[in-house]
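Some notes on the structure that comes next.
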Amino acid sequence: MGRVQFKEDMQHILFVDSSPRGAASFSRKLSNAIIEKLKAKSPTATVKVRDLAVNPTPHLEESHLAAFFSPPEKHSEEDRKAIRHSDTAIAEIMAADTIVIGVPMYNFSIPSVLKAWIDHIVRANQTFRYFENGVEGMVKGKKIFLAEATGGIYSEGPMKSHDFTEPYLRTILGFLGMTDVTVFRVEGIAVPGVQDTALDKAIRSIRI
């Protein structure tokens, strides 16, 4: 795995945490280890934390969609309230150079709070646009790190096809223009004989 090249100016890191387990979360521990490595590379880096368990982005409702698909000049006060979650989330990813996403696997996929956040950042003419020959992602120049935590082993072996976290996130992030994605995994945290060393092994795998 090649080393990431960083700009010499100050780095802005966005940490999106989707685990409700707090300090016990393996995805959070792995994410924090990634951030420590990033800050070792760029000591002046700033870190913005978006904790989706503590401050969840609401699941999409009619009010959100109505605001998304109406021109800003026609927004009512209700529309402005409905769209602020999306505007804030998009502003945070646009301001970041590097985005670290903590992803515990739930039932082979991502937590619903992370899906809700994604639904608010995927907006036509804000983070992607349609044109005559297809679609273009508008969120470019970002480096993405996924910190995935799983009870079983999904990077290889018979359960690999059950992992819908990494393929989905690579697809949706790539759709928005974020194609520079590196995945680190802490896996086997429920497997006897593996669980005791799983986190240490994952942290040792981090190369930045």
Side-chain angles (χ1 to χ4, degrees), residues 10-39 45-70 72 75-107 109-124 126-128 137-139 142-150 164-166 168-173 175-178 181 183-184 186 189 199:
M10 182 182 294
Q11 292 293 308
H12 299 286
I13 302 167
L14 173 63
F15 172 30
V16 181
D17 188 6
S18 63
S19 174
R21 300 189 65 222
S25 166
F26 283 93
S27 61
R28 178 176 293 190
K29 291 173 182 177
L30 183 56
S31 296
N32 286 336
I34 294 169
I35 292 169
E36 287 178 8
K37 295 277 189 179
L38 291 170
K39 293 200 72 176
T46 63
V47 181
K48 168 70 176 178
V49 179
R50 167 62 66 178
D51 190 334
L52 297 176
V54 174
N55 185 23
T57 304
H59 292 276
L60 287 184
E61 298 178 354
E62 182 180 0
S63 60
H64 302 121
L65 296 172
F68 290 174
F69 294 111
S70 61
H75 280 173
S76 65
E77 183 61 27
E78 290 73 18
D79 289 332
R80 285 189 286 272
K81 288 181 180 178
I83 209 168
R84 65 184 173 85
H85 302 283
S86 176
D87 285 345
T88 298
I90 291 173
E92 287 175 350
I93 64 171
M94 291 300 191
D97 302 296
T98 303
I99 302 172
V100 178
I101 304 177
V103 193
M105 177 191 283
Y106 289 166
N107 301 317
S109 189
I110 65 174
S112 65
V113 291
L114 182 56
K115 178 59 165 61
W117 177 80
I118 289 170
D119 287 342
H120 280 265
I121 67 169
V122 180
R123 276 174 59 191
Q126 295 290 324
T127 53
F128 75 97
M138 299 168 66
V139 187
K142 313 295 181 184
K143 174 61 193 174
I144 313 298
F145 293 98
L146 303 181
E148 184 174 345
T150 60
F164 297 98
T165 57
E166 180 182 343
Y168 170 71
L169 288 171
R170 283 189 180 276
T171 298
I172 195 66
L173 294 171
F175 178 79
L176 298 181
M178 293 177 275
V181 178
V183 180
F184 296 113
V186 51
I189 55 179
L199 182 60

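In this structure, G102 and F15 approach most closely via the heavy-atom pair N-CE1, 4.1 Å. Of all the heavy atoms in K39 and A45, the pair that sits closest is CE-O, 3.6 Å. Taking both residues in full, the closest heavy atoms of A67 and D79 are given as CB-O, 3.7 Å, listed atom of the first, atom of the second, then distance. Between I118 and L169, the shortest heavy-atom contact is CD1-CD2, 3.7 Å. Of all heavy-atom pairs between A116 and T57, the closest is CB-O, 3.4 Å. Shown here for S18 and V103, the closest heavy-atom pair between the two residues is OG-CA, 4.0 Å.
Residues E148 and M105 meet the side-chain proximity criterion, which asks for heavy atoms closer than 4.5 Å. For the pair L114/Y168, no side-chain contact is recorded, criterion being any heavy-atom separation below 4.5 Å from C-beta on. Considering only heavy atoms from C-beta on, I121 stays 4.5 Å or farther from M94 through its side chain. Within the 4.5 Å cutoff, side-chain heavy atoms of V183 are placed close to those of R170. Looking at heavy atoms from C-beta onward, I93 lies out of side-chain contact with R50 at the 4.5 angstrom threshold. In this structure, the side chains of R21 and P104 stay at 4.5 Å or more apart for every pair of heavy atoms.
Between H120 and H64, the ring-plane angle classifies as perpendicular under the 30° and 60° cut-offs.
Remark: L65 pairs with L60, F68, F69 by the side-chain contact (heavy atoms from CB on, under 4.5 Å) rule, at least two apart or across chains.
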Identify all side-chain donor-acceptor contacts of residues 29-38 below 3.5 Å with residues at least two apart in sequence or on another chain.
residue, atom, partner, partner atom, Å
S31, OG, S27, O, 2.8
N32, ND2, R28, O, 3.4

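Note that the CD1 atom of I101 and the CZ atom of F145 stand 11.5 Å from one another [nearest 0.5 Å]. Rounding to the nearest 0.5 Å places OG of S86 at 11.0 Å from CH2 of W117. The distance from atom CD of E166 to atom OG1 of T150, rounded to the nearest 0.5 Å, is 11.0 Å. To the nearest 0.5 Å, atoms CZ (F128) and CD1 (I172) are separated by 8.5 Å.
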Open item on the list: Using side chain to side chain contact (heavy atoms under 4.5 Å, CB included), reason through I99 and L173 one step at a time and then give a plain yes or no.
Closed with: CA-CA 11 Å; I99 302 172; L173 294 171; over 6 Å; no
Open item on the list: Between E77 and R80, is the salt bridge (charged side-chain N to carboxylate O under 4.0 Å, His left out) condition met? List the steps.
Closed with: CA-CA 5 Å; E77 183 61 27; R80 285 189 286 272; 3.2 Å; yes
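Considering T46, D97, T98 as possible partners of H12, the one that fulfils the side-chain hydrogen bond (donor to acceptor under 3.5 Å, both in side chains) test is T46.
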